[in-house]
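In what follows, a single structure is set out as structure tokens and then discussed.
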Amino acid sequence: MARTEPVTGRGLSRPVTRTLTADPLGGTVRRTVLPNGLRVITEAIPAMRSVSFGVWVGVGSRDETPARSGASHFLEHLLFKGTKRRTAWDISSQIEAVGGETNAFTTKEYTCYYARVLDEDLPLAVDVVCDLVANSVIDPADVETERGVILEEIAMHDDEPDDEVHDLLAEAVFGPHPLGRLISGTEATISALTRRQIHDFYRRRYTPGAMVIAAAGNLDHRAVVRQVRAALRGSPLDAERPGAPAPPRPATPAVRTRRSRTVLRRKETEQAHLVLGGPGISRGDDRRFALGVLNNVVGGGMSSRLFQEVRERRGLAYSVYSYASQYADGGTFAVYAGCAPSRVDEVLELVRAELAAVVEHGLSADELARGKGMSRGGYVLGLEDTGSRMGRLAKGELLYGEQLTVDQLLARVAAVTAEQVGAIAAELLTRPMSLAVIGPVESATLAGAQSPPVG
């Protein structure tokens, strides 16, 4: 494990480079901290003929005020609309002309802008992505155009109850805390955001210390650093200005959660969509590996207890699964199912019975081995492309402050014991859980709810 110690003080007079790992299953990972605090981390994989390059910003929807909810996602759209050097057409066409792709996404804790290209076209990708992140003009006309696009995106999301219900569960668990709000914002907040508010958010939050540049594939680390410095020269993110990297978000104090509740949103849908869940553990909690094994066994695949009991044996749902969401200072563990509205109570009863059985009887030896095998395979198979490797580098730097090799990750999973899984199950699965339901369901139908429905 290589820890990436933060640089403190006023910054550096010159770049500082370290070789972090030489993974036998991957390539050499190197990290450079530029004088302005910007971190450049790469994994050189000579066997690849492509490179994924990304700018990751430690800013997401949880960094917004309630009145400016959705600003991070709005900004993500706007940065592709043009810079001082490029139009929106230039940004997309220059990458696509060499067969590459570029895109972005916003989460609750970070935002990523990336491109994937042939190795010989990496200098172009570096220049384009750095330009759009550093030099966006945020034209007022573009603000209005993208406002309409985002409002349509929100409307589309509202037409997808199997996605919407997870947001309803997050709101039930976290309440008014930013983790309980929509990444996209609401129709009201998006309609009210002004160009000045978005631009102020951009310049105040998009600082070098809050950013990590990551790249993986057939590359030379020193060349990438030179290209990044050249691309940012003269911009608000100029690499020569003094600064220092920001540390990962603190894990304490833990985010406060609500008491369990049932939230019902009545809609005339063919299925009822339900999520039963409650508080989980934070991203940096060492028990996350045991939780991953537990999640695999409970609802992580076709061999999981929930899939076998609810779908295969009873035929009550097409889709049923469990999942864990983890943030710097908290998280959730939840179960989703989509079923006929008349079967909601039956499905809830089965889900609760399976969760109780895990707590009472634990996992069998076969289940423990299978859950660990799923985790190991997920880690390794998820790193078969340069995009996944680039993301692993950036998240390790931005979110954890350390880089774990594949072998180290596999060792953490192998060390998980049945007792550790039982302990995390006893802690999370015995707590009162919130229930979010979307569909043509009456409150009287939710006989198994632990609290009266609201909404």
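Note: hydrogens, waters and symmetry copies are ignored here, and every other heavy atom, side chains too, is used.
- A donor-acceptor pair is defined here as one N or O able to donate and one able to accept, closer than 3.5 Å; no such pair exists between the side chain of Glu187 and the backbone of Leu151.
- The NE2 atom of His157 sits 9.0 Å away from the CD1 atom of Ile183 when rounded to the nearest 0.5 Å.
- With Thr145 contributing its side chain and Ala141 its backbone, the two residues share a donor-acceptor pair below 3.5 Å.
- Considering only residues two or more places apart in sequence or on other chains, Arg256 meets the side chain to side chain contact (heavy atoms under 4.5 Å, CB included) condition with none of them.
- Not a single donor-acceptor pair under 3.5 Å links the side chain of Ser69 to the backbone N or O of Thr189.
- Annotation for Gln308: atom CD counts as buried by contact number, over 12 foreign heavy atoms lying within 6.0 Å.
- Between the Gln271 side chain and the Gly338 main chain, a donor and an acceptor come within less than 3.5 Å of each other.
- Two residues are said to be in side-chain contact when any heavy atoms from C-beta on lie closer than 4.5 Å; Ile91 and Val128 meet this criterion.
- You'll find the side chain of Arg49 stays beyond 4.5 Å of the side chain of Leu118, heavy atoms only.
- At distances below 3.5 Å, not a single donor-acceptor pair connects side-chain atoms of Ser375 with backbone N or O atoms of Val413.
- Scored by the side chain to side chain donor-acceptor pair (under 3.5 Å) test, Tyr206 finds Tyr113 as partners (sequence neighbours excluded).
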Result block: side-chain N/O donor-acceptor pairs under 3.5 angstrom for residues 323-334, not counting sequence neighbours:
unit_1 : atom_1 : unit_2 : atom_2 : d
Tyr323 : OH     : His166 : ND1    : 2.9
Asp329 : OD1    : Arg62  : NH1    : 3.0
Asp329 : OD2    : Arg62  : NH2    : 2.9

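- Residues satisfying the salt bridge (Lys or Arg N to Asp or Glu O under 4.0 Å) test with Glu349, not counting sequence neighbours, are none.
- Classification of Arg313 and Glu309 as a salt-bridged pair holds, one side-chain N sitting under 4.0 Å from a carboxylate O.
- With sequence neighbours left out, the salt bridge (Lys or Arg N to Asp or Glu O under 4.0 Å) criterion links Arg283 to Glu109.
- Side-chain contact between Val351 and Leu306 is present, with heavy atoms from C-beta onward closer than 4.5 Å.
- Ser92 OG to Asn103 CG: the interatomic distance, rounded to the nearest 0.5 Å, is 11.5 Å.
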Pair Cys112-Val55, side chain to side chain contact (heavy atoms under 4.5 Å, CB included): steps then yes or no | CA-CA 6 Å; Cys112 172; Val55 178; over 6 Å; no
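- Looking only at atom types and distance, the side chain of Asp163 has no donor-acceptor partner in the side chain of His273 under 3.5 Å away.
- Residues in residues 56-80 take part in these ring-ring contact (aromatic ring centres under 6.0 Å, His included) pairs, two or more places apart or across chains: Trp56-Phe105, Trp56-Tyr110, His73-His77.
- For the 3.5 Å distance criterion, the side chains of Ser388 and Asp385 qualify, holding a donor opposite an acceptor.
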Criterion side chain to side chain contact (heavy atoms under 4.5 Å, CB included) on Val57 and Arg205, from CA distance to verdict = CA-CA 9 Å; Val57 191; Arg205 292 288 188 170; over 6 Å; no
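- One side chain, Gln94 or Arg86, offers a donor N or O that lies under 3.5 Å from an acceptor on the other.
- A side-chain N or O of Thr106 and one of Glu76 form a donor-acceptor pair less than 3.5 Å apart.
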Show the numbers, then the answer: is there a side chain to side chain contact (heavy atoms under 4.5 Å, CB included) between Leu350 and Arg314?
-> CA-CA 10 Å; Leu350 283 171; Arg314 310 292 184 107; 3.7 Å; yes
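- Formation of a donor-acceptor pair under 3.5 Å by the Asp63 side chain with backbone atoms of Gly60 is found in this model.
- Residues satisfying the side chain to side chain contact (heavy atoms under 4.5 Å, CB included) criterion with Gln420, sequence neighbours excluded, are Ala290, Val416, Thr417.
- In this structure, Tyr202 contributes its side chain and Val133 its backbone to a donor-acceptor pair below 3.5 Å.
- Of the candidates Leu264, Leu274, Asp345, Thr269, Leu264 is the only one forming a side-chain contact (heavy atoms from CB on, under 4.5 Å) with Val441.
- Checked by atom type and distance alone, the side chain of Glu64 pairs as donor or acceptor with a backbone atom of Ala71 at under 3.5 Å.
- Judged by distance alone, with hydrogens and angles left aside, the side-chain atoms of Asp158 form no donor-acceptor pair with the main-chain N or O of Ala155 at under 3.5 Å.
- Contacts of Lys395 classified as side chain to side chain donor-acceptor pair (under 3.5 Å), with partners at least two apart in sequence or in another chain: none.
- Rounded to the nearest 0.5 angstrom, Ser136 OG and Asp131 CG are separated by 9.0 Å.
- A 4.5 Å side-chain heavy-atom check between Ser72 and Leu75 finds every atom pair outside the cut-off.
- Atom-to-atom distance recorded for Tyr318:OH and Asp162:CG is 12.0 Å, nearest 0.5 angstrom.
- A heavy-atom distance below 4.5 Å is found between the side chains of Thr87 and Asp90.
- Side-chain contact between Leu219 and Asp119 is absent, with no heavy atoms from C-beta onward closer than 4.5 Å.
- Contact check for Arg31 versus Val40: no side-chain heavy atoms found under the 4.5 Å cut-off.
- A donor-acceptor pair is defined here as one N or O able to donate and one able to accept, closer than 3.5 Å; such a pair exists between the side chain of Arg431 and the backbone of Pro279.
- When the side chain to side chain contact (heavy atoms under 4.5 Å, CB included) test is applied to Ser319, the partners found at least two apart in sequence or on another chain are Tyr321, Tyr336.
- Listed by chain and number, the residues in a side chain to side chain donor-acceptor pair (under 3.5 Å) with Ser52 are Thr386 (sequence neighbours excluded).
- Residue Cys130 holds its SG atom at 9.5 Å from CE of Met211, rounded to the nearest 0.5 Å.
- Looking at Phe53 and Met390, their side chains never come closer than 4.5 Å, going by heavy atoms from C-beta outward.
- Here Asn135 contributes atom CG and Leu237 contributes atom CG; the two are 7.5 Å apart, rounded to the nearest 0.5 Å.
- By the 4.0 Å N-to-carboxylate-O rule, Glu144 lies too far from Arg195 to be salt-bridged with it.
- Under the 3.5 Å distance criterion, with hydrogens and angles disregarded, no donor-acceptor pair is assigned to the side chains of Glu153 and Ser184.
- For Gln197, the side chain to side chain contact (heavy atoms under 4.5 Å, CB included) partners are Arg68, Leu193, Thr194, not counting sequence neighbours.
- Under a 4.0 Å N-O distance rule, the pair Arg287/Glu427 qualifies as a salt bridge.
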List the steps and the verdict of side-chain hydrogen bond (donor to acceptor under 3.5 Å, both in side chains) for Arg258 and Ser434.
-> CA-CA 9 Å; Arg258 283 173 159 179; Ser434 290; over 6 Å; no
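- The salt bridge (Lys or Arg N to Asp or Glu O under 4.0 Å) pairs that include a residue from residues 169-184 number zero, where partners must be two or more places apart or lie in different chains.
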